Q: 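Pasting a structure below so you can have a look.
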Amino acid sequence: MILPGATIGVLGGGQLGRMFTLAAMVMGYKVVVLDPDPDSPAGALADIHLKADYRDAVALIRMGGLCQAVTTEFENVPARSLEILALHSLVAPSAAALAVAQDRLEEKTHARDSGCETAPFANIETVIDLAPAWEAIGAPALLKTRRLGYDGKGQVRIDSFADLNAAFLELKEVPCLLEGFLALEREVSVVLARNAQDQIAFFPVAENQHRNGILDISIVPARIPTELAERARDMAAHLARELAYVGVMAVEFFVLKDGRIVFNEMAPRPHNSGHYTLDATVCDQFQQQVRALCGLPLGDARLLSPVVMVNLLGDVWQDRGATPPDWSRLLRHPGVQLHLYGKSQARPGRKMGHYNCLAASAEEALEVAMETRAALGIG
Ligand code: AMP
């Protein structure tokens with residue numbers, strides 16, 4: 001066990017790194033952040049901010065020397081960087097687990113091999129693969145880049161073979177998946193933590209609604225039958241165990257109109273759809289990340305109150321990102337908890353913060369969320 005007082009680190013200094021840093025500091029750890037951005041939200045709070053590239057061997061060796069354990073806030077960390085770090089300190093999640101989450105083909109194959117249902121998919125590496133993929137999947141479909149896709153980026157709707165050819169060219173012929181387009185009823189996610197002792201703690205299932213491919217709100221508890229929620233948890237736990245995963249992990253599922261539950265993707269880190277835990281569960285996802293990394297017993301993930309999380313994107317800042325919304329419209333609701341990430345520059349689509357609406361029921365929390373969204377001019 002790595003106990004409070006020790007120094008731990010995070011690769012990446014965005015909002016996820018910042019909330020990890022805060023949780024670690026509250027528990028009495030010292031924190032090192034590696035992020036090239038001098039204005040990084042986590043770097044501003046950390047004990048030490050190493051301003052260097054994620055591939056900078058000197059900075060990685062320094063970080064490994066300072067920290068007893070290191071985690072990451074994003075999945076696209078170069079494997080070599082983790083190898084360098086692992087020579088000097090404990091690293092979790094492992095490079096192997098990150099590699100699966102970095103590539104949609106790997107992650108969907110892993111999910112399918114672990115017994116989860118997925119959308120039908122076909123691998124496309126070159127133009128030669130287009131016709132067989134089209135034959136196998138057909139319309140309607142989505143063409144997704146295998147790597148570096150997030151918040152709906154790198155995704156094109158496909159209704160004909162001509163669409164598929166054009167979209168593959170547009171995506172610069174990088175490796176892609178062609179995926180059958182499913183009739184979704186809802187989207188839900190499970191955030192869980194697993195430590196090296198194989199203890200697993202699940203947060204309650206969140207129901208997620210997106211706008212323009214970016215998470216807009218999460219409703220907790222999700223409005224799905226208990227039996228479906230339990231299946232989602234079991235599948236997520238199975239995936240984590242199969243990967244010998246240590247840390248916090250999020251798994252997104254589709255609930256289909258015919259009642260089936262289908263794996264979509266996983267994130268090897270805390271997740272935007274778990275931000276409600278900051279105010280609504282006994283232990284939040286970032287404290288859980290610290291506990292899992294340090295080999296501590298996991299905290300209680302029990303829900304204390306129904307909650308709706310609302311994302312705050314840069315779009316609601318006025319004067320080209322210079323003027324924030326009128327927070328008094330939000331803060332007059334005593335059950336609303338505001339979280340801002342300390343980003344100086346607001347841009348459309350940029351995640352600037354979020355707020356959690358806590359109320360006696362999920363319906364009431366949703367009403368407050370809708371009223372405050374309108375008052376802030378969201379949507
Ligand atoms: P992803 O980046 O894979 O999470 O996809 C972004 C969003 O696109 C999801 O949250 C869904 O709303 C939608 N989506 C992705 N894959 C499918 C699919 N196979 N069928 C229907 N909708 C999808």
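Keep in mind the model is a prediction, meaning the values are calculated, not measured. Whatever order the structure lists them in is the order used to number ligands and atoms, beginning at 1.
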Q: Find all atoms of ligand 1 within a distance of less than 4.0 Å from any non-hydrogen atom belonging to His210, and give their numbers and elements.
A: 10 (O)
Q: I'd like the name of whichever of Glu179, Glu252, Lys144 reaches closest to atom 15 (C) of ligand 1 through any heavy atom.
A: Lys144
Q: Do Leu215 and Leu376 sit in one hydrophobic cluster, given that two such residues count as connected whenever their side-chain heavy atoms are within less than 4.5 Å of each other, even indirectly?
A: no
Q: Looking at Arg332 and Glu371, does any basic side-chain N land under 4.0 Å from a carboxylate oxygen?
A: yes
Q: Are Val220 and Phe253 co-members of a hydrophobic cluster defined by side-chain heavy atoms under 4.5 Å apart?
A: no
Q: At less than 4.0 angstrom from any non-hydrogen atom of Phe254, what atoms of ligand 1 do you find?
A: 11 (C), 14 (N), 15 (C), 16 (N), 17 (C), 18 (C), 23 (C)
Q: Give the atom numbers and elements of ligand 1 that come within less than 4.0 Å of a heavy atom of Leu142.
A: 14 (N), 15 (C), 16 (N), 17 (C), 18 (C), 23 (C)
Q: Is Arg18 paired with Glu73 through a side-chain N to carboxylate O contact shorter than 4.0 Å?
A: no
Q: Is there a polar contact between ligand 1 and Leu182, counting only N or O atoms under 3.5 Å apart?
A: yes
Q: Please round to the nearest 0.5 Å and tell me the distance separating atom OG1 of Thr145 and atom CG of Leu177.
A: 9.0 Å
Q: May I ask you to list the atoms of ligand 1 that are less than 4.0 angstrom from any heavy atom of Arg104?
A: 1 (P), 2 (O), 3 (O)
Q: If you measure from each heavy atom of Gly213 to ligand 1, is any distance below 4.0 Å?
A: no
Q: Purely on distance, is any nitrogen or oxygen of Leu184 under 3.5 Å from one on ligand 1?
A: no
Q: Using a strict cut-off of less than 4.0 Å between a Lys/Arg side-chain nitrogen and an Asp/Glu carboxylate oxygen, indicate whether Arg112 and Glu117 qualify as a salt bridge.
A: no
